[in-house]
2 protein chains.
Amino acid sequence: MNGPEIARMIQLLAKLPGLGPRSARRAALHLLKKREALLRPLAQSLGQAADAIRTCSICGNFDTLDPCTVCGDARRDGATICVVEDVADLWAMERGHVFSGRYHVLGGTLSALDGVGPEDLNIASLVARVRAGGVGEVILATNATVDGQTTAHYIADRLASFDGVKVSRLAHGLPVGGEIDHLDDGTLSAAFKARRAV
Amino acid sequence: MNGPEIARMIQLLAKLPGLGPRSARRAALHLLKKREALLRPLAQSLGQAADAIRTCSICGNFDTLDPCTVCGDARRDGATICVVEDVADLWAMERGHVFSGRYHVLGGTLSALDGVGPEDLNIASLVARVRAGGVGEVILATNATVDGQTTAHYIADRLASFDGVKVSRLAHGLPVGGEIDHLDDGTLSAAFKARRAV
């Protein structure tokens, strides 16, 4: 009804997570109404990102630089590697300023259901980084899901043979600000087991 | 933490309706993971749309042509104009193949609260189209909201002086497939008032 350009735009927008066909149409209309203020800048920005952003060959982060800003920052602790499932987790930690070492992005979790094996994840490159030496601790910061914890166990096994390399995982317990009344049994039980003397 | 390109991309994506800062970040990560399959095609598609799509000078539709495909289609009934609030409404009607005349997009509704007056909508151009002659009926297809109905009343008043131009509005009643038990009182009352002999 109005040229293939709009149809194609809607079709591609609908592939974004969180946008279905209906909201993609709404987004397309919004963009067309704000052609100079939003549509053109977004087109340019996406084009620039496609050209400029690369995957860090060391840790798997997205950045304009390779090695990325984190891996290239000499002030950061190269002896500690935090292993995360996804770049989103890395970004969350950087936003929170909770960690000052280096990262390693797995690119997912082991999953028998989805047919994801160790060779589908960036595990060999992690082992190679540890083997290269200079690493004192590997923090397994996978999600507290079944797949995340399975993956953490698998990696811990793979790294067990390296003497002098401590392997740790994030603590489980009450989220800060969380109410006990609303907590699931698993978290509550984990918080009891990991209780500390005051 | 990873160059201004990603930050700018997230910032612009967050301006789309239905995407907040959090889902914009998720969308950006998704795009970066599918750089060649999605990010680059989307950037190109948006750029092409920004260049090619224009607003129809007659009805206000978005199209690569001006006059748009609907206004330029000689097979469509030029004597009937369907007045809609938004291009989205026009698209919905075209998807449903429910109307074969021409359209007029108002670009919103009158709203005292938001300070939208008649001069902010494409009302003068509608009156001009009717004044130019050849129009037998104007269908007011604004939303069944207070603002939509206020706008319809205002336009009906403006068009009252044209002899031989019928002004109508869409029927109110039970949605097809709708259950009476779940219907609001306003719709039910409208359906009673507009009842028809079988």
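Lettering follows sequence order; numbering is per chain, from 1. Computed over heavy atoms, backbone and side chain alike; hydrogens, waters and symmetry mates excluded.
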> What part of Leu32(B) is in contact with chain A, defined as an atom under 4.5 angstrom from a non-hydrogen atom: side chain, backbone, both or neither?
Replying inline: both
>> So if I apply the side-chain contact (heavy atoms from CB on, under 4.5 Å) rule between Ile53(B) and each of Leu31(A), Leu39(A), Ile6(A), which one comes out positive?
In response: Ile6(A)
> Within a radius of less than 6.0 Å around CG of Asp185(B), do more than 12 heavy atoms belonging to other residues, nucleotides or ligands occur?
Replying inline: no
> Which heavy atom of Ala43(A) sits nearest a heavy atom of Gly47(B), and at what distance?
Replying inline: CB-N, 3.4 Å
> In terms of hydrophobic clusters joined by side-chain contacts under 4.5 Å, are Met93(A) and Val138(A) together?
Replying inline: no
>> I'd like to know if Val83(A) and Trp91(A) are part of one continuous hydrophobic network [Ile/Leu/Val/Met/Phe/Trp/Tyr, side-chain heavy atoms within less than 4.5 Å].
In response: no
> With only heavy atoms counted, which part of Arg22(A) is less than 4.5 Å from chain B, the side chain, the backbone, both or neither?
Replying inline: neither
>> Taking side chain as everything from C-beta outward and backbone as N, CA, C, O, which of these in Arg35(B) sits under 4.5 Å from a heavy atom of chain A? Side chain, backbone, both or neither.
In response: side chain
> Are the side chains of Glu5(B) and Phe62(A) in touch, meaning some heavy atoms are under 4.5 Å apart?
Replying inline: no
> Do the side chains of Val105(A) and Ile81(A) join up, straight or via other hydrophobic residues, at under 4.5 Å, putting them in one cluster?
Replying inline: no
>> Can you tell whether the side chains of Lys33(A) and Asp86(B) come within less than 4.0 Å, N to carboxylate O?
In response: yes
> Which one of Glu36(B), Lys15(B), Lys34(B) has the most heavy-atom pairs closer than 4.5 Å to chain A?
Replying inline: Lys15(B)
>> I need the residue from Leu16(A), Leu29(A), Leu38(A), Leu42(A) with the largest number of non-hydrogen atom pairs under 4.5 Å to chain B.
In response: Leu29(A)
> Are the side chain of Arg40(A) and the backbone N or O of Ala50(B) linked by a donor-acceptor pair below 3.5 Å?
Replying inline: yes
>> Among Gly18(A), Ala52(A), Pro17(A), which residue has the highest count of heavy-atom pairs closer than 4.5 Å to chain B?
In response: Pro17(A)
> When hydrophobic residues are tied together by side-chain contacts of less than 4.5 Å, even through go-betweens, does Leu19(A) share a cluster with Leu12(A)?
Replying inline: yes
> Between Ser45(B), Cys56(B), Pro41(B), which has the largest tally of heavy atom pairs under 4.5 Å with chain A?
Replying inline: Ser45(B)
>> If hydrophobic clusters are built from ILVMFWY residues whose side chains come within less than 4.5 Å, do Val130(B) and Val167(B) share one?
In response: yes
>> Quick check for you: among Met9(A), Gln11(A), Gln48(A), Gln44(A), which has the greatest number of heavy-atom pairs under 4.5 Å with chain B?
In response: Met9(A)
